[in-house]
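Got a structure for you, questions after.
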Amino acid sequence: MESTETIVAIAERLQKRLVFALSLGDKELFHSNVLAWFLEHCCGEHCGSADFAPVAALFGITDGTVRKVWREEANFDLLVQYYRNAEPDKPRFVVIENKFKSMPRGEQLDEYRGKVRDGKVSVEKLHDDIETPAGKKQVKVRPSLDNTSFFLLAPQKSIGCTFPELPEGWAAVSYESLLAAFPAAVQGDAFASGFVSEYKQMMGDLLQLADHAVTAASDENAPCLASRDVLSVLEEIRAHDIYQKLFFSAMRGTLGIQRTGWKCDVFYRHGGCLKWMYVRDGVTYGIELQNNDSKYLDFHVFAESDKKLPAAADLKPRLLGWLCAGFSGQDVKSKKDGTLNQYKEKHKYVHAFVPDATSIAALRSKITAVMTAIEK
């Protein structure tokens, strides 16, 4: 694993790159947009040329022309429409799910493939002009399992530690292989050539950070919090959110908690967050881990509902009882006025602090103890 000194050097390089500054607005969408532009504008007419043919080939487009690339169509990061040269009247599709700043989830990939299988992909904008004996005819086209391929795009380490085998119907393309397939230059476009060079160098650095985050959270004997020194460096260049989300996503896999009736989500809100949810009587109860302070992991036991929550007199002892299944009384943090903590109106919680030296394995024991109490 890279040392903190190496992380500092990476951060200094990224800070100097204009393309990195441009990527900060919406980090994952930026990479989807870059790939979409090159597929549409460089593979549309030159799919079989020496320039971007290796990029198209990664996604199964080896003999044909890219017609259109849609972004966020039916929640797909990218939906590519293309034609094989031997079948110019038969549209084909590629679904690309881009997972750079979070770990891929099998249930999400199954859901996306299910949309195509069940014919639920919106088709209003999916049409093309087809040559017929009577001239051109505009026809609607619909993705199906017969004409659609599915690809997960993610760093190699993210793919490797998440899926021993990919879900049915999906293939993987690593960012590492994508960068290797990008050409050294774009013929006739000096700006695009310079951009490709800068983009490849930036992504090389970002992939090192991603590898560092995933590796740090993949050992159950390692601390359950990301290094304070590393986060401090990355916060200076606004890359700490990517690192923390990857760290928490990888830690979710290392924890390996799979229980009937529970759902899990990873997100970023003032720090990395990992959340398990269990629905009972119309109320969602659960556990939320937050890295708001890098000295501690904040362990919440919560109740939330779009409707009215149980009365505080009933809810507080219940939440405290569940929390104490994993913590001793002195570890629990209570408000001085005795009321419940609250995030907006529909989320109330009690919490305890987990010291940063606590191992992921020890954290697993606390989580499962609290889950068992909630289930009972």
Report task. Check whether any side-chain heavy atom of Phe100 lies under 4.5 Å from a side-chain heavy atom of Ile242, and answer yes or no. Result -> yes

Query raised in the report: Can you tell me how far the CD1 atom of Ile10 sits from the CD atom of Glu5, to the nearest 0.5 Å?
Result: 12.0 Å

Query raised in the report: CE of Met277 to CZ of Phe302: how many Å apart, nearest 0.5 Å?
Result: 6.5 Å

Query raised in the report: Taking side chain as C-beta onward, heavy atoms only, is Ile360 less than 4.5 Å from Leu255?
Result: yes

Report task. Provide the closest heavy-atom pair for Ala36 versus Leu78 in the form atom of the first, atom of the second, distance. Result -> CB-CD2, 3.6 Å

Query raised in the report: Does Asp77 use its side chain to pair, donor to acceptor, with the backbone of Asn98 at less than 3.5 Å?
Result: yes

Query raised in the report: Just by distance, with hydrogens left out, do Glu87 and Tyr83 show a side-chain donor and acceptor under 3.5 Å apart?
Result: no

Query raised in the report: So, Lys115 side chain and Val121 main chain: donor-acceptor pair closer than 3.5 Å or not?
Result: no

Report summary line: One should read off an interatomic distance between Lys263 NZ and Lys275 NZ, to the nearest 0.5 angstrom, of 12.0 Å

Report task. Pick out which of Leu35, Val95, Thr148, Val69 makes a side chain to side chain contact (heavy atoms under 4.5 Å, CB included) with Val80. Result -> Val69

Requested in this report: Measure centre to centre between the rings of Phe327 and Phe299, then say whether the value is under 6.0 Å.
Outcome: yes

Requested in this report: Spell out, as yes or no, whether a donor-acceptor pair under 3.5 Å connects the side chain of Trp170 to the backbone of Leu109.
Outcome: yes

Query raised in the report: Step by step, would you call Val55 with Phe38 a side chain to side chain contact (heavy atoms under 4.5 Å, CB included)?
Result: CA-CA 9 Å; Val55 175; Phe38 280 110; 5.8 Å; no

**Report entry** Heavy-atom pair of closest approach, residues Lys245 and Val266
**Finding:** CE-O, 3.8 Å

Query raised in the report: Quick one: does Ile374's side chain get under 4.5 Å of Trp276's, heavy atoms only?
Result: no

Query raised in the report: Ser23 pairs by side chain to side chain contact (heavy atoms under 4.5 Å, CB included) with which of Met202, Arg238, Met203?
Result: Met202

Query - Heavy-atom check, side chain of Glu198 versus side chain of Leu18, under 4.5 Å - result: no

**Report entry** Nearest non-hydrogen partners of Phe247 and Ala217, listed with the distance
**Finding:** O-CB, 3.3 Å

Query raised in the report: How close do Lys366 and Gly326 get, heavy atom to heavy atom, and via which atoms?
Result: NZ-O, 3.1 Å

Query - Side chains of Leu209 and His212 in contact at under 4.5 Å (non-hydrogen atoms) - result: no

Query raised in the report: Between Arg259 and Thr368, does any side-chain donor sit less than 3.5 Å from a side-chain acceptor?
Result: no

Report task. For Lys200 and Phe182, indicate whether the former's side chain and the latter's backbone hold a donor-acceptor pair under 3.5 Å. Result -> yes

Query raised in the report: Between Ser177 and Val173, is there a donor-acceptor pair closer than 3.5 Å when you use the side chain of the first and the backbone of the second?
Result: no

**Report entry** Distance (rounded to the nearest 0.5 Å) between Tyr112 OH and Ile96 CD1
**Finding:** 13.5 Å

Query raised in the report: Where the side chain of Asp281 meets the backbone of Val283, is there a donor-acceptor pair that is under 3.5 Å apart?
Result: no

Query raised in the report: So how far is it from Met251 CE to Leu274 CG, rounded to the nearest 0.5 Å?
Result: 5.5 Å

Requested in this report: For residues Met371 and Ile257, determine if any side-chain heavy atom of one lies less than 4.5 Å from a side-chain heavy atom of the other.
Outcome: yes

**Report entry** Nearest heavy atoms of Cys224 and Pro355, plus distance in Å
**Finding:** SG-O, 4.2 Å

Query raised in the report: Are the side chains of Tyr349 and Glu288 in touch, meaning some heavy atoms are under 4.5 Å apart?
Result: no

Query raised in the report: Say you draw a straight line from CG of Leu320 to CG of Leu315; how long is it, rounded to the nearest 0.5 Å?
Result: 9.0 Å

Query raised in the report: What do the steps show when you test Phe353 against Asp298 for side chain to side chain contact (heavy atoms under 4.5 Å, CB included), and what is the final call?
Result: CA-CA 5 Å; Phe353 288 153; Asp298 209 356; 3.3 Å; yes

Report task. Give a yes or no on this: more than 12 heavy atoms of other residues, nucleotides or ligands lie within 6.0 Å of atom CD of Glu375. Result -> yes

Requested in this report: Report yes or no: does Asn147 contribute a side-chain atom to a donor-acceptor pair with the main-chain N or O of Lys90 at less than 3.5 Å?
Outcome: no

Query raised in the report: Using a distance-only test with no angle check, is there a side-chain donor-acceptor pair under 3.5 angstrom linking Glu304 and His347?
Result: yes

Report task. Anything under 30° is parallel, anything over 60° is perpendicular, the rest tilted; go ahead and classify Tyr199 against His31. Result -> tilted

Query raised in the report: Would you find a donor on one side and an acceptor on the other, under 3.5 Å apart, between the side chain of Glu176 and the backbone of Gln156?
Result: yes

Report task. Ignoring hydrogens and angles, tell me if any N or O in the side chain of Arg364 forms a donor-acceptor pair with the backbone of Thr254 under 3.5 Å. Result -> yes

Query raised in the report: Got a sec: does the CD of Glu107 have more than 12 other heavy atoms crowding it under 6.0 Å?
Result: yes

Requested in this report: Group every Ile, Leu, Val, Met, Phe, Trp and Tyr by side-chain heavy-atom contacts under 4.5 Å, then state whether Leu29 and Leu153 land in the same group.
Outcome: no

**Report entry** Evaluation steps, side chain to side chain contact (heavy atoms under 4.5 Å, CB included), between Phe150 and Val116
**Finding:** CA-CA 10 Å; Phe150 300 83; Val116 173; 3.8 Å; yes

Query raised in the report: If you group Ile, Leu, Val, Met, Phe, Trp and Tyr by side-chain heavy-atom gaps below 4.5 Å, do Val279 and Tyr285 land in one group?
Result: no

Query raised in the report: If we only count heavy atoms from C-beta on, is the Leu207 to Pro155 side-chain gap below 4.5 Å?
Result: yes

Requested in this report: Check the pair Val94, Leu39 against side chain to side chain contact (heavy atoms under 4.5 Å, CB included), reporting the backbone distance first and the verdict last.
Outcome: CA-CA 11 Å; Val94 176; Leu39 283 174; over 6 Å; no

Query raised in the report: What pair of heavy atoms forms the shortest contact from Gln15 to Glu236, and how long is it?
Result: NE2-O, 4.0 Å

Query raised in the report: Any donor and acceptor pair, going by atom type alone, linking the side chain of Ser232 with main-chain N or O of Asp229 inside 3.5 Å?
Result: no

Requested in this report: Return yes when atom CG of Asp306 has more than 12 non-hydrogen atoms of other residues, nucleotides or ligands closer than 6.0 Å, and no otherwise.
Outcome: no

Query - Partner set under ring pair (Phe, Tyr, Trp, His ring centres under 6.0 Å) for Phe151, not counting sequence neighbours - result: Phe59

